[in-house]
Amino acid sequence: EKREIPQWFFKITAYADELLSELGNLPGWPDPVKIMQRNWIGRSEGLEIQFAMDDGEAPNTADSITVFTTRPDTLMGVTFLSIAAEHSLALKAAASNPDIAAFIDECRRGGTAEADVETQEKKGIDTGYFAVHPISGEKIPVWIANFVLMGYGTGAVMAVPGHDQRDWEFATKYDLMIKMVIIGDAVRDAIGELDRDVRNNSDPMTTALGESRPIDVIEGAGALSVFEDFENGIITKSAFTDYGTLVNSGEFDGLDFRGAFDAIAKRLEADGKGERRVNYRLRDWGVSRQRYWGCPIPMIHCDRCGIVPVPEDQLPVILPENVRFMGVQSPIKADPEWRKITCPSCGGPAERETDTFDTFMESSWYYARYTSPGAKDMVDERANYWLPVDQYIGGIEHAILHLLYFRFFHKLMRDAGFVKSTEPATNLLCQGMVVAETFFREKPDGSRDWINPADVEIEKDERARVVGARLKSDGEPVEIGATEKMSKSKNNGVDPRTMVGKYGADTVRLFSLFASPPDQSLEWNEAGVEGMSRFLRRLWRDLHAHVSQPDHPEVDAIALSPKQKTMRRQVHETIAKVSDDFGRRYAFNTAIASCMELLNAVAKFTDMDEQSRAVRHEVFESMVLLLTPITPHISQALWTALGHVDPVHAHAWPEANEEALRKDAVTLAVQVNGKLRGTIEAPVGAAREAVEAMALANSDVSAHIGASIVKKVIYVPGKIVNIVI
RNA sequence: GCCGGUGUGGCGGAAUUGGUAGACGCGCCAGACUCAAAAUCUGGUUACUGAAAGGUAGUGUGGGUUCGAUUCCCUCCACCGGCACCA
């Protein structure tokens, strides 16, 4: 059932629409990742418009410049076109003009990374060519601009300096015309008033300007500067980029964004000069890299047959290991022998591809291969048993690239018939980085000698503030640097095995999960681990003290004293909280904290009667089960101590008992004007009037009300009473 | 520059749907035990003020919405991640 693979198959842009829409079917993925991917794909609706070249100036009248715009409503404000340095027309202009050629060279030298392009100084050069405005027929100049990239859209943009900030800055710098064709609502409304007075001119802006009185009227609408600019025929402050109403746009005057979009689209479509189009910011994925390390691209270049795939029985192409590195070039590129091969199609001499795949290529489908070890194909039928991945975990730094390629590849495999699912992973957790403090000493040449945190002693003042640090070996001070991601270059890596050796794996795992929620960065700091060790030792000691007591009956919920009930309720509250923290919130730190609270509470619960011992048994059994996923080894030992024969991991996860969770009374905060002034104990389900009366009767509260009149009382059952005076 | 995130005690962090800010842990202080130390246990620990009870302020900045804001909205600042070849 494998499909014939069409030519567009490997283009990620062919999947742009699906990659975007399927984000809506990923409830188990974090919102920030989905938002970043949505923005990265960047779907936008607009018009593609052709600007013909002016006959008298163009080197070839067949030339035209195609632009894409999401703001066709500003079309009548176009005063020039900006094209990329690699645009065919730019290259044509460069052929006869050394200044232009030099400018293009300069653009090439600049970085192509989006961050470089967006932060560099906006520069341009006039090509000397003119295009024709598709509606007004005006001649408009064509400029080359360093911020227009060939890889985006069509490599050319229509410039509307009046209503685009970047175009505005460019036009101001090079003294190009700026037209106002959109006005905001405030200006429109003010003009509307003037228009009613005059009524005899169809162009409201002209009417307003024709009168000697508009300024004071407009001033009230808060648009004075815009209006003054218009009087002078230029926008001086900055571009007006909001949506609004069209002016100075001939037949389109008075239309809003939507109306203008439709009218202009219709007009251009009728004239064959433009059409509606959906554009994506997403670019195609170039998968080849000019380096040695990597998976060779299994393609063969034949002069007669073109590019021919390596036959399947010769896969995989193995990277030669017996190579010599010389300079920066890949050794398989330098080696004239390795690439020699006969063409599998015609049998003539041919050459292997010497580029290797981008590492993102393999990381895009390894998870699928893991389901089918030894499979002859990429995967076999086992993939459909395991996939999609239930829980995928990776760093947030992969939010865009890896996780988009990952989704793309899964859809490719689906369309090739390898898997049936549409998305590779149901749930995604992006964990933070492991960071640690850095320490250094400055060397005479100003460079830094980084010192490992394990070799440093921290000095603190009497208020426990860090005042300095010393090297353990010589006792001399060292400088304290930033807290950064663990790295070799900053020598702040700490091997957890040292800690595991000292405290055991359970303690270290407990510590690393307790230190911060998984999606935040984790500070690896030895100080906290002592607390975890203490907690486990207390649990061990208290549990063994409990099992050394005489046997006890089952818990009899009806026979429990209020104190026993409270203790038992806390057990079930903890079960409910830990279950939710593990299953829904991934909040392991708070799950552990509530187990600690439970241990603190049971340590104070020292009654020795039978039912107390029964409740205490429930505390320890539950706590051991709740901690098992984090501390399996000590949990198993404690489980055995509690008298169980079966392994702890085989036991069912505890469930919170509704009956045990029930409360008779609840503590309510009482506020006066939003400030906490006291608390009251109210029976659950008490009437509003009764609760209000209790709140007003509270002495701390009444002291703050004094002789004032109570205006309003807000009561949120189970939470607060707020008395407004 | 753009997109996303973060900012809370001395420190890591909690507050889940707008409802008692600082849970839990570290550190620190005091006490108990001890000849002593370690370990352990008990109590305290946001700041200012006050003998105390308490009062006032307080969650990066400045504003706003609300009876009530760490939480929602706007502004700004700092830091972290990504920006398509980290060859």
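Each chain gets a letter, A, B and so on, in the order the sequences are listed, and its residues count up from 1. Side chains are part of it too, since the values below use all heavy atoms of this structure and drop only hydrogens, waters and symmetry mates.
Counting any heavy atom pair closer than 4.0 Å across all strands shown, A:Val724 reaches sugar-phosphate atoms only and no base atom. Nucleic acid contact for A:Ala515: sugar-phosphate only, since backbone atoms but no base atoms lie under 4.0 Å from a heavy atom of the residue. Residue A:Lys675 is in sugar-phosphate contact alone, with no base atom involved, counting any heavy-atom pair closer than 4.0 Å across all strands shown. A:Arg38 comes within 4.0 angstrom of no nucleic acid atom, judged by non-hydrogen atoms across all strands. Residue-level contact check: A:Leu668 touches neither bases nor backbone, having no heavy atom under 4.0 Å from any strand. As judged by a 4.0 angstrom heavy-atom cut-off over every strand, A:Trp40 is placed among the base-contacting residues. Here A:Met596 lies in heavy-atom contact (under 4.0 Å) with sugar-phosphate atoms only. Contact annotation for A:Leu401: backbone-only contact, meaning every heavy-atom pair under 4.0 Å involves sugar-phosphate atoms and none involves a base.
Across the P atoms, B:rA78 and B:rC67 are found 35 Å apart, a figure rounded to whole Å. B:rU20 and B:rU75: their P atoms are spaced 29 Å apart (whole Å). Comparing the P positions of B:rA32 and B:rC48 gives an interatomic distance of 28 Å, to the nearest angstrom. Taking atom C1' in both B:rU40 and B:rC33, the straight-line distance is 9 Å, to the nearest Å. The separation of B:rU46 from B:rC26, taken at their P atoms, amounts to 16 Å, rounded to a whole angstrom. The P atoms of B:rU70 and B:rG19 are separated by 11 Å, rounded to the nearest whole Å. Taking atom C1' on both nucleotides, B:rC80 is separated from B:rC74 by 24 Å, rounded to a whole Å. Between B:rG4 and B:rA53, the distance separating the two C1' atoms is 50 Å to the nearest Å.
Comparing B:rG81, B:rG12, B:rG68 by their closest approach to the side chain of A:Met36 singles out B:rG81. Comparing B:rU20, B:rG68, B:rG4 against the side chain of A:Thr667 picks out B:rU20 as the nearest.
Considering A:Trp365, A:Tyr392, A:Phe360 as possible partners of A:Phe406, the one that fulfils the ring-ring contact (aromatic ring centres under 6.0 Å, His included) test is A:Tyr392. Across A:Leu625, A:Leu626, A:Val619, a single residue satisfies side-chain contact (heavy atoms from CB on, under 4.5 Å) together with A:Met623, and that is A:Val619.
With its glycosidic angle within 90° of 0, B:rG9 is assigned syn.
B:rA69: no Watson-Crick or G-U partner with both key distances under 3.5 Å is found in any strand. Remark: B:rG25 base-pairs with B:rC11. Criterion, Watson-Crick or G-U wobble with two distances under 3.5 Å.
A donor-acceptor distance shorter than 3.5 angstrom exists from the side chain of A:Ser516 to the backbone of A:Ser521, with no hydrogens or angles considered.
For A:Arg584 against B:rU16, a side-chain N or O and a base N or O form a donor-acceptor pair under 3.5 Å. For a distance-only test at 3.5 Å, the side chain of A:Asn39 fails to qualify as a donor-acceptor partner of the base of B:rC3. Under 3.5 Å, the side chain of A:Gln671 and the base of B:rG19 form at least one donor-acceptor pair of N or O atoms. One N or O donor and one acceptor, one from the side chain of A:Lys577 and one from the base of B:rU16, sit under 3.5 Å apart.
The residue among A:Asp284 and A:Ile723 whose nearest nucleotide of RNA chain B lies closer to the 5′ end is A:Ile723.
The closest side-chain heavy-atom distance from A:Asp519 to A:Tyr586 is not below 4.5 Å.
With rounding to whole Å, A:Asp31 atom CG is found 12 Å from B:rU6 atom P. Atom pair A:Leu676:CG and B:rU70:P shows a separation of 13 Å (rounding to whole Å applied).
The environment of A:Lys333 atom NZ is dense: over 12 non-hydrogen atoms of other residues, nucleotides or ligands sit within 6.0 angstrom.
Checking the phosphate oxygens (OP1, OP2) of B:rC41, a side-chain nitrogen or oxygen of A:Arg538 falls inside 4.0 Å. The phosphate of B:rA84 (OP1 or OP2) has no side-chain N or O of A:His402 nearer than 4.0 angstrom.
Electrostatic pairing of A:Asp580 and A:Lys577 does not count as a salt bridge here, judged by no charged N lying under 4.0 Å from a carboxylate O. Ionic pairing of A:Glu22 and A:Lys34 is not present here: no N-O contact between side-chain nitrogen and carboxylate oxygen is shorter than 4.0 angstrom.
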